[in-house]
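Notes to accompany the following structure.
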Amino acid sequence: MKFPPLRYLTPQSLDEAIALLEQHGADAKLLSGGQSLMPMLAFRLASCSILIDLKFVPGLDRITVTDRGVELGSRVRWRDIEHDVRLPTVQPLLSMAVKHIAHYAIRNRGTVGGSLAHGDPASELPALAVACGATIAIAGPNGRRSLPAEEFFLFPLITALEPNEVIVSLHFPPWPKARSFGFQEFSRRRGDFAMAGAIVFFDQDKDQNICSPHIGAFGIADTPLRLGEAEKFLLGNRAGSRIFEEAAAHGVRNVDVRADIHADSDYRRALLATLVNRALVEAAQRTSP
Amino acid sequence: MTSAPITVTINGARKTLNVSSRITLADALRDVARLTGTHVGCEHGVCGACTVIIDGLAVRSCLMLAVQAAGSEITTVEGLANKGEFSALQASFRKHHAVQCGFCTPGILTTMHALLREEPDADEERIRDVLSGNICRCTGYVQIVEAVMEARASYSRGSAA
Ligand SMILES: Cc1cc2nc3c(=O)[nH]c(=O)nc-3n(C[C@H](O)[C@H](O)[C@H](O)COP(=O)(O)OP(=O)(O)OC[C@H]3O[C@@H](n4cnc5c(N)ncnc54)[C@H](O)[C@@H]3O)c2cc1C
Ligand code: FES
Ligand code: FES
């Protein structure tokens with residue numbers, strides 16, 4: 001399908017982009033990689049008459065690694081994440097997750113900020129941001145604010161972003177040494193959106209007991225989730241197949257699971273339990289240096 | 001609706017195209033530049049038929065406005081052959097019968113050309129992984145994979161084929 005009539009604007013600074021959003025209101029949308037917005041426009045699932053391309057806004061395309069964690073500028077592409085040699089050590093789940101996002105040519109253009117703002121409940125980066133307790137830096141007409149990812153995703157394709165705001169970056173907290181982690185997702189074909197996915201990581205204390213377990217799920221509900229009940233099962237216990245199976249089974253019991261043409265909610269819940277269990281088993285075998 | 005000229009380099013030649021800002025790069029290439037080798041299948045990023053190479057990277061030309069490509073260097077499937085001679089990749093597709101109806105072929109050739117220029121030592125798994133973004137309804141992919149595997153020999157790090 002063809003696009004509706006569009007005006008195409010290229011602000012040269014963040015302030016100019018925000019001013020354009022203010023000026024044009026609901027007629028305008030930001031354009032980053034276009035890998036979600038353009039299909040939405042073609043299908044008339046989104047509508048606007050003005051596109052504000054962020055490509056000339058300076059400073060949004062950097063990956064910064066410091067002892068305070070990893071910061072991804074909103075214009076960082078999937079491709080940049082795949083090619084960054086630091087990330088497999090400082091945020092290994094990100095390197096694992098990006099392999100599951102879309103396809104080669106789409107990863108050449110799709111970006112961090114676009115994925116967050118799009119807010120698809122089956123997408124990997126929003127889920128990783130929630131699971132890791134990442135924060136999203138946002139700029140608007142009244143200055144900057146930052147929001148925990150957990151408060152950012154509200155409903156499918158609906159976020160806490162105001163229409164006149166721009167996502168600046170995503171910040172992941174530091175990744176300690178010797179952390180165990182796993183990432184599992186299931187989709188019908190490679191590169192498709194996940195039917196369900198699980199992200200896990202935990203640390204172990206000096207007695208080998210699990211501390212700070214994190215279990216995230218996506219493709220399951222209206223937004224990405226933390227599976228608090230599964231985390232409780234792990235806390236203070238030794239890693240092992242019995243506890244992993246119990247955590248997976250009990251952890252998904254009370255989750256409000258969505259159904260669609262690809263999977264009813266019972267199937268999806270069972271799938272999630274399987275993926276959580278696999279991700280935990282994977283984590284027990286995969287510890288960062 | 002506003003029409004504005006953009007200047008791009010297509011297959012080595014500088015061109016000025018008069019395009020309205022709503023049209024996709026795919027349509028601009030086909031209808032304005034008259035290069036119909038770039039095929040349009042799904043128009044929403046799924047099939048890969050419209051893939052072209054922009055500044056060295058394989059991208060979906062159906063998910064880009066033509067105006068977004070202003071100033072860039074574009075290679076379409078027409079740009080792969082050299083003076084009417086098939087490139088090694090194209091010749092390998094012919095040899096391995098990797099083309100049936102040919103609808104998917106332009107997008108697969110451009111994608112694989114961009115891939116092998118970046119990763120001339122891509123193994124079968126990597127080639128299949130990247131190929132997962134291009135839908136072919138005819139061949140079953142086996143011959144395509146064989147053709148790409150054989151063509152790797154003519155790509156080496158940093159050089160074109
Ligand atoms: C065939 C196909 C398969 C895909 N599979 C997957 C998949 O498996 N997993 C997955 O996660 N994604 C998938 N995607 C989507 C892809 O990852 C997109 O790149 C991503 O969702 C959006 O990023 P973008 O830069 O392309 O954003 P755009 O399409 O440019 O924008 C998306 C939305 O974000 C807004 N926006 C963009 N940048 C900002 C900003 N800085 N601040 C505020 N708002 C902004 C836009 O206004 C728009 O509403 C797929 C896409 C396609 C076409
Ligand atoms: S026409 Fe562009 S991906 Fe199908
Ligand atoms: S050769 Fe017919 S679709 Fe691939």
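Basis for what follows: all heavy atoms, side chains included, without hydrogens, waters or symmetry-related copies. Residue numbering restarts at 1 for every chain, and letters A, B, ... go by the order of the sequence lines.
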Heavy-atom donor-acceptor pair, B:R22 side chain to A:L6 backbone, under 3.5 Å: no

[atom1]/[X] to [atom2]/[Y] distance, rounded to the nearest 0.5 angstrom?
X	Y	atom1	atom2	answer
B:L65	A:D53	CG	CG	8.5 Å
A:T10	B:Q68	OG1	CD	10.5 Å
B:L63	A:R109	CG	CZ	9.0 Å
A:Y104	B:R126	OH	CZ	6.5 Å
B:E43	A:M38	CD	CE	11.5 Å
B:C62	A:K2	SG	NZ	9.5 Å

Sub-4.5 Å side-chain heavy-atom contact between B:E118 and A:H83: yes

Check: A:R189 and B:S132 side chains under 4.5 Å, non-hydrogen atoms: no

Choice from B:L131, B:T111, B:L115, B:T24 maximising heavy atom contacts with chain A below 4.5 Å: B:L115

Derivation and outcome, side-chain contact (heavy atoms from CB on, under 4.5 Å), residues B:D129 and A:R190: CA-CA 7 Å; B:D129 176 34; A:R190 186 130 42 154; 3.5 Å; yes

Does atom [atom1] of [X] have more than 12 heavy-atom neighbours from other groups under 6.0 Å away?
X	atom1	answer
B:R94	CZ	no
A:Q12	CD	yes
A:E282	CD	yes

What part of [X] is in contact with chain B, defined as an atom under 4.5 angstrom from a non-hydrogen atom: side chain, backbone, both or neither?
X	answer
A:L31	side chain
A:K99	neither
A:L41	neither

Residues in residues 50-61 of chain B that sit under 4.5 Å from chain A, counting heavy atoms only: B:T51, B:L57, B:A58, B:V59, B:R60

